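One structure below.
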Amino acid sequence: MDGSRPKPTRLIALMNQKGGVGKTTTTVTLAAAYARAGRSTLVVDLDPQAHATLHLGVDPAAIEASVYDVLLDPASGLEGRVHSIAPNLDLLPAQTDLAAAEVEIAQAPDRNRRLSDALAAASGKYEFVLFDCPPSLGLLTLNGLVAAREVIIPMQAHFLALQGVGKLLETVRLVTQTVNPKLRVTGVVLCMHDTSSTHTQEVVADLEAFLAEQRTLDVPWKHARVLRPAIRRNIKLAECPSFGQTIFDYAPTAPGAADYKALAEGMLREWDAMLERRAETKPETKPESRPGSGPVTQPEAGTQATGDAPVEIVTRAGEIAPVSSGTAV
Ligand code: ADP
Ligand code: MG
């Protein structure tokens with residue numbers, strides 16, 4: 001890859017309407033791993049709980065501007081609102097007042113795309129932008145899904161979590177049918193994973209079988225897969241946020257650091273290989289650098305999502321976890 005050519009931006013929403021599944025940990029730790037690999041990365045904290053902000057060592061009570069200001073006044077872009085955390089790692093922080101933004105912009109015609117518009121002003125600055133979504137399907141998550149091109153689903157491999165994934169995919173489909181046709185699901189990250197449990201193994205097998213079946217369908221998760229390695233349960237990952245440090249600073253030799261590093265490295269290898277192929281096959285095509293216009297990892301990113309049937313994940317036991325349409329979007 002020619003280093004002088006601007007790289008496109010990958011815009012990834014870490015999303016799961018369930019809380020406590022590993023969204024924030026995955027956002028912050030993947031972002032830190034990308035940054036340490038020399039990739040310019042921005043974390044956008046979209047959760048009023050401000051966990052990503054705290055995890056990256058920023059006190060939400062002590063900051064002057066946050067993603068709240070961006071949503072209220074997107075025309076001013078990111079200027080003066082982004083914090084530099086480490087080399088190649090920036091943060092657009094959250095404060096608790098973020099919850100009010102949902103109400104304050106609820107009537108605005110551009111309420112869904114305010115974040116997307118503000119990011120457009122930072123064109124080409126970042127190779128990765130990761131959105132840490134709140135555990136709900138409201139306007140904050142929707143702003144993340146409109147600004148993003150990809151969804152990564154952090155989840156724990158439990159039976160009930162599969163049902164949650166069905167609902168989540170319905171939401172993504174709704175978004176692709178309305179406000180962001182280019183959004184695609186890249187995959188699932190298995191968090192707090194326990195490989196020794198039979199139940200866990202069965203749930204992962206069910207999930208993989210479900211995703212394999214979807215390859216022939218014209219849905220936004222057609223190319224979604226279980227991303228490897230799974231992230232093992234590791235107490236060091238639970239400890240490091242209270243020190244405002246990522247696992248790479250807090251406990252660099254812990255299994256949690258090794259798992260996230262391997263996950264990030266695998267994703268970067270695939271991404272670089274994809275850019276390489278693209279450069280070889282289309283030498284005349286310059287990658288666009290505007291956030292929101294870069295390619296995603298799935299080659300069929302232009303296909304339209306079709307069909308409104310509920311997403312059903314058939315489990316090993318033969319039960320069906322049907323999910324009805326209709327979300328807060
Ligand atoms: P979410 O953002 O989905 O609510 P978090 O990333 O905040 O989830 O994770 C929920 C809790 O689990 C946090 O206390 C976090 O530190 C902890 N945690 C996350 N991943 C792991 C892991 N692999 N091992 C142990 N604890 C973890
Ligand atoms: Mg969180």
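Indexing begins at 1, ligand by ligand and atom by atom, following the structure's order. Please read all numbers here as calculations on a predicted model, not as lab measurements. FYI, side chains are in, hydrogens and waters are out, and symmetry mates aren't considered; it's all heavy atoms of this structure.
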> For atom 7 (O) of ligand 1, which protein heavy atom lies nearest, and how many Å away is it?
Replying inline: Thr24 CB, 3.9 Å
>> Below 3.5 Å, N or O to N or O, backbone or side chain included: is there any such pair between Arg232 and ligand 1?
In response: yes
>> Any side-chain to backbone donor/acceptor pair from Ser84 onto Asp90? Under 3.5 Å, distance only.
In response: no
> Does ligand 1 have any atom that is closer than 4.0 Å to a heavy atom of Gly22?
Replying inline: yes
>> Under a 3.5 Å distance rule, please check whether Lys23 uses its side chain to pair with a backbone N or O of Asn16 as donor and acceptor.
In response: yes
> Where the closest heavy atom to atom 25 (C) of ligand 1 is concerned, which of Asn234, Leu237, Ile235 has it?
Replying inline: Asn234
>> To check your reading of the model: name the closest protein heavy atom to atom 11 (C) of ligand 1, its residue, and the distance in Å.
In response: Met192 CE, 4.6 Å
> From atom 13 (C) of ligand 1, is the closest protein heavy-atom distance below 4.0 Å?
Replying inline: no
>> Under 3.5 Å, is there a donor on one side chain and an acceptor on the other for Thr41 and Asn88?
In response: no
> Are any of the N/O atoms in Asp132 less than 3.5 Å from those in ligand 1?
Replying inline: no
> Hey, is Lys236 one of the residues with a heavy atom under 4.0 angstrom from ligand 1?
Replying inline: no
> If you measure from the Lys or Arg side-chain nitrogens to the Asp or Glu carboxylate oxygens, is any gap between Arg225 and Glu270 under 4.0 Å?
Replying inline: yes
> Between Thr26 and Tyr260, is any side-chain donor less than 3.5 angstrom from a side-chain acceptor?
Replying inline: yes
>> Any side-chain to backbone donor/acceptor pair from Gln95 onto Ile63? Under 3.5 Å, distance only.
In response: yes
>> Regarding Asp194 and Ser197, do their side chains bring together a donor and an acceptor under 3.5 Å, going by distance alone?
In response: no
> Tell me: protein heavy atom nearest atom 16 (O) of ligand 1, and distance?
Replying inline: Ala238 CA, 3.2 Å
> Is there a heavy atom in Gly19 that sits closer than 4.0 Å to ligand 1?
Replying inline: yes
> Would you say the side chain of Lys222 lies within less than 4.5 Å of the side chain of Leu217, judging by non-hydrogen atoms?
Replying inline: no
> Would you say Gly20 has any N or O atom under 3.5 Å from an N or O of ligand 1, going by distance alone?
Replying inline: yes
> Under 2.8 Å from the Mg ion (ligand 2), is there an N/O/S atom belonging to Thr25?
Replying inline: no
> Purely on distance, is any nitrogen or oxygen of His51 under 3.5 Å from one on ligand 1?
Replying inline: no
>> Measuring only between side-chain heavy atoms, which start at C-beta, is Leu227 closer than 4.5 Å to Val189?
In response: yes
> Is there a side-chain contact between Pro8 and Leu275 (heavy atoms, below 4.5 Å)?
Replying inline: yes
> Does some non-hydrogen atom of Pro135 fall short of 4.0 Å from ligand 1?
Replying inline: no
>> Students should be able to answer this: which protein heavy-atom is nearest to atom 6 (O) of ligand 1, and at what distance?
In response: Thr25 OG1, 2.6 Å
> Taking atom types as modelled, is there a side-chain donor on Tyr34 or Glu127 under 3.5 Å from an acceptor on the other?
Replying inline: no
>> Residue-level breakdown please: for His193 versus ligand 1, do any non-hydrogen atoms fall below 4.0 Å on the side chain, on the backbone, on both, or on neither?
In response: neither
> If you measure every N/O of Arg233 against every N/O of ligand 1, is any gap under 3.5 Å?
Replying inline: no
> Within the structure, does at least one protein heavy atom fall under 4.0 Å of atom 23 (N) of ligand 1?
Replying inline: yes
> Which atoms of ligand 1 are found less than 4.0 Å from any heavy atom of Val21?
Replying inline: 1 (P), 3 (O), 8 (O)
> Minimum heavy-atom separation for Ala32 to Leu89, with atom names?
Replying inline: CA-CD2, 4.2 Å
